[in-house]
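These values consider heavy atoms only, across backbone and side chains, with no hydrogens, waters or symmetry-generated copies. Naming: A, B, ... by sequence-line order, numbering from 1 per chain.
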Number of protein chains: 2
Amino acid sequence: MSTTGGRRRPPTIHDVAREAGVSRGTVSRVLNGGHYVSPAAQEAVNAAIRRTGYVVNRHARSLITGRSDSVGFLLTEPQEKFFEDPNFNVLLRGCTQALAAHDIPLLLMLAGTEDERRRITRYITSGHVDGVLLVSSHSGNPVAEELSEAGVPLVACGKPIGLGSKISYVAADDRDGARDMTRHLLSLGRRRVGMVTGPLDTPGGVERLAGYKEVLTEAGVEVDDRLVVSGDYSRLSGERGAERLLAQVPDLDAVFVASDLMARGVLTTLERAGRRVPEDVAVGGFDDSPAALASSPELTTMRQPFDRISAEMVRVLLAQIGGEDTAAVILPTELVKREST
Amino acid sequence: MSTTGGRRRPPTIHDVAREAGVSRGTVSRVLNGGHYVSPAAQEAVNAAIRRTGYVVNRHARSLITGRSDSVGFLLTEPQEKFFEDPNFNVLLRGCTQALAAHDIPLLLMLAGTEDERRRITRYITSGHVDGVLLVSSHSGNPVAEELSEAGVPLVACGKPIGLGSKISYVAADDRDGARDMTRHLLSLGRRRVGMVTGPLDTPGGVERLAGYKEVLTEAGVEVDDRLVVSGDYSRLSGERGAERLLAQVPDLDAVFVASDLMARGVLTTLERAGRRVPEDVAVGGFDDSPAALASSPELTTMRQPFDRISAEMVRVLLAQIGGEDTAAVILPTELVKREST
DNA sequence: GCGCGCTGTGTGCACGTTCCCAAATGATCG
DNA sequence: CGATCATTTGGGAACGTGCACACAGCGCGC
């Protein structure tokens, strides 16, 4: 009961009905699609809605429909990753925007710890959201399976780990992208092309490595194990990876790095080691994250179409909520040439 | 009606009541505080809840109470800023966590454009959230006033622009932090200390500049206008600012930068210009954002206690929702010495 | 012994919406 | 011309919860 800004009772569907001279039922029908409503009534109701400033009470609607008309955005990453990687922000932004077009709010769920994971799982399976957008580069956690088994509509960003799982997902074409980038590096005349991979317990990480190896083999370049080190998409693991590469193959002349964030780390290490980029060593990243433009030299990278990815995630999730059977969506990547190659 | 994972009807308060052998009212009382309930009934109800796996239906509750038991996190920044600045992620994480303790979900609202701002304002004023956590470094937008006038509980991060506004906010002590950092730079023996300010149409930006000037004056060092350039907290504006500083005062020996992100840009420019940090030029940042550790050399900076800031924002907002009158909260900053000074 | 206050419990009502069904109207068809 | 059908409308019921109220039992003081 604050003294300032007392909020009055908002208009209900009753008020609109009275104002328009029709019944609640008719107003409701106008609100939900407008089938079996005469044009005259349609118009009268819309006018009444404008006049009263009526907005539907979502709680009342949800109570009767059983839907919440909201979805969760679940991020199962340690918080350092969430702080470091702007890709999450890009996805968040994209999903928020795509959902806004359907007037669906997004509930943010950050599961950094095991406790949070449990709490959030319970929240979701209690029916408080209609579905879940799952983002988790390192999807080794059981949360996807758990939610899927509970019958919660679910779309992952990137292919989840369990092969047997029937979880829908949206991803960039990792293998093809890796192939393009490796081909690009070879086309520059480089032959000692190293790679810093993503986490190899994730399908995405494995695919990017596979694409790299394929192209080298096709080009008749021997795949040297000392030229491949693994990382976890973090900047620091890029630094470390480049250090090991330089130690093992001092005369390498190119590196394909499985994420832009790691690529920044690679650039740091190369600079410390006195290597010029791209003259001595060409560096190719992956993602085209905001980090790619912020680095110097600016990164040549494989663009993941994050705006399309998030739009597709939302589209697939809504289809699934609508009861449709949905499949995986794979989107093409695109080579973006900048200063580092 | 998907074939897999059919969700059955969840238990209601009725089921719990029957299971426990009491009435709905008693169950409800146990749920909401447990006053006027005998220990025996208390126990029976709790056991029944555990057995049935009952979870309260928030929609039904909201319908009757008029509260939504959710809050919005509103970010009114262009999307580039959201992508670039990890501080937003830190705040987001902190608020999510603090709200989780109260079992309150967070609705993410990103208002990058004018259209989105309108849509979101309408959503909020329609009563779909109980309150709003507002984050907006450049709070020149009318959204705060608008929501506040509509009687929506609101807490801003950082002092909003309008002086007359009675909007509650939580902020770090900008002036004091700027004083500490400037004093630190002087203590290193530096006398030509430049500054890259934040946006000077925001209280935070103005305060940090004021602190800087105060300490210089107190120390008997003349405040030179050519040593002060303004930025907008972005990395790029740091680069540009440092370029201007070097052009105007080539022999400057320290820079106080009003954000870590800008400080990274300053480091880039200094390196390009061949200046060593900290030997030739000492650089002090502000925020202690994740960016401070990721830069090289690692940034000396003023730590904003983001975890406490977000916790306080949530505390104040909940108090305001509870009808209390709330005031501004100012939290102390702390000097974190690293490699750049 | 009466009234009063405090604790503990059950019940009716209301919140605002959607859905289902009945009924009215006009059009079409055999 | 009567019957069937599609369209349009209104009203009752239900969703699951919290709250106000009524009421019972008990102890206490006057």
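Note: OH (A:Tyr36) to P (C:dC19) measures 15 Å, nearest angstrom. Look at CZ on B:Arg67: it is 7 Å from P on D:dC19, rounded to the nearest Å. Rounded to whole angstrom, the span from the CG atom of A:Leu31 across to the P atom of D:dT9 amounts to 15 Å. For the pair A:Asn57 CG and C:dT18 P, the computed distance is 10 Å after rounding to whole Å. Atom-to-atom, CD of B:Gln42 to P of C:dT7 comes out at 15 Å; the value is rounded to the nearest Å. Distance, A:His35 NE2 to C:dC20 P: 15 Å, rounded to whole Å. Going from atom CZ of B:Arg18 over to atom P of D:dG16 covers 12 Å, rounded to whole Å. In this structure, B:Arg9 atom CZ and D:dG16 atom C1' are separated by 10 Å, rounded to whole Å.
In the set C:dT9, C:dT17, D:dG16, the nucleotide with an atom closest to the side chain of B:Leu63 is D:dG16. Distance from the side chain of A:Ile64 is smallest for C:dT17 among the nucleotides D:dG18, C:dT17, C:dG10. The side chain of B:Thr26 sits closest to C:dT9 out of D:dT17, C:dT9, C:dG16. Side-chain atoms of A:Arg24 lie closest to C:dC19 of the nucleotides C:dC19, C:dT9, D:dT17. Of the listed nucleotides (D:dG10, D:dG16, C:dT11), D:dG10 has the atom at the smallest distance from the side chain of A:Ser23. Across D:dT9, C:dG16, C:dG10, the shortest atom-to-atom separation from the side chain of A:Ala41 is found for D:dT9. Residue A:Arg29 has its side chain nearest to C:dC20 when only C:dC20, C:dG10, D:dT17 are considered.
More than 12 non-hydrogen atoms from other residues, nucleotides or ligands lie less than 6.0 angstrom from CZ of A:Arg51.
A salt bridge links B:Arg58 to B:Asp103: one of the charged nitrogens lies within less than 4.0 Å of a carboxylate oxygen.
At a threshold of 4.0 angstrom between heavy atoms, the contacts of B:His14 include nucleobase atoms, whether or not backbone atoms are also involved.
Between the axis at the start and the axis at the end of the helix from C:dG1-D:dC30 to C:dG30-D:dC1 there is an angle of 50°, using five pairs per end and rounding to 10 degrees.
If you take CG on B:Leu106 and CG on B:Leu92, they are separated by 6.5 Å, rounding to the nearest 0.5 Å.
Side-chain atoms of B:Ser62 and B:Ser68 include no donor-acceptor pair closer than 3.5 Å. Side chains of A:Glu19 and A:Thr52: a donor-acceptor N/O pair is absent below 3.5 angstrom, by distance only.
At least one side-chain nitrogen or oxygen of A:Ser38 sits closer than 4.0 Å to the OP1 or OP2 atom of D:dT9.
Of the residues near DNA chain D, A:Val37 and B:Pro11, the one whose nearest nucleotide (by heavy atom distance) lies more toward the 5' end is A:Val37.
No donor-acceptor pair under 3.5 Å is formed between the side chain of B:Ser126 and the backbone N or O of B:His128. Between the side chain of B:Gln79 and the backbone N or O of A:Arg93 there is no donor-acceptor pair closer than 3.5 Å.
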Evaluation steps, side-chain contact (heavy atoms from CB on, under 4.5 Å), between B:Tyr54 and B:Asp15: CA-CA 9 Å; B:Tyr54 169 78; B:Asp15 302 325; over 6 Å; no

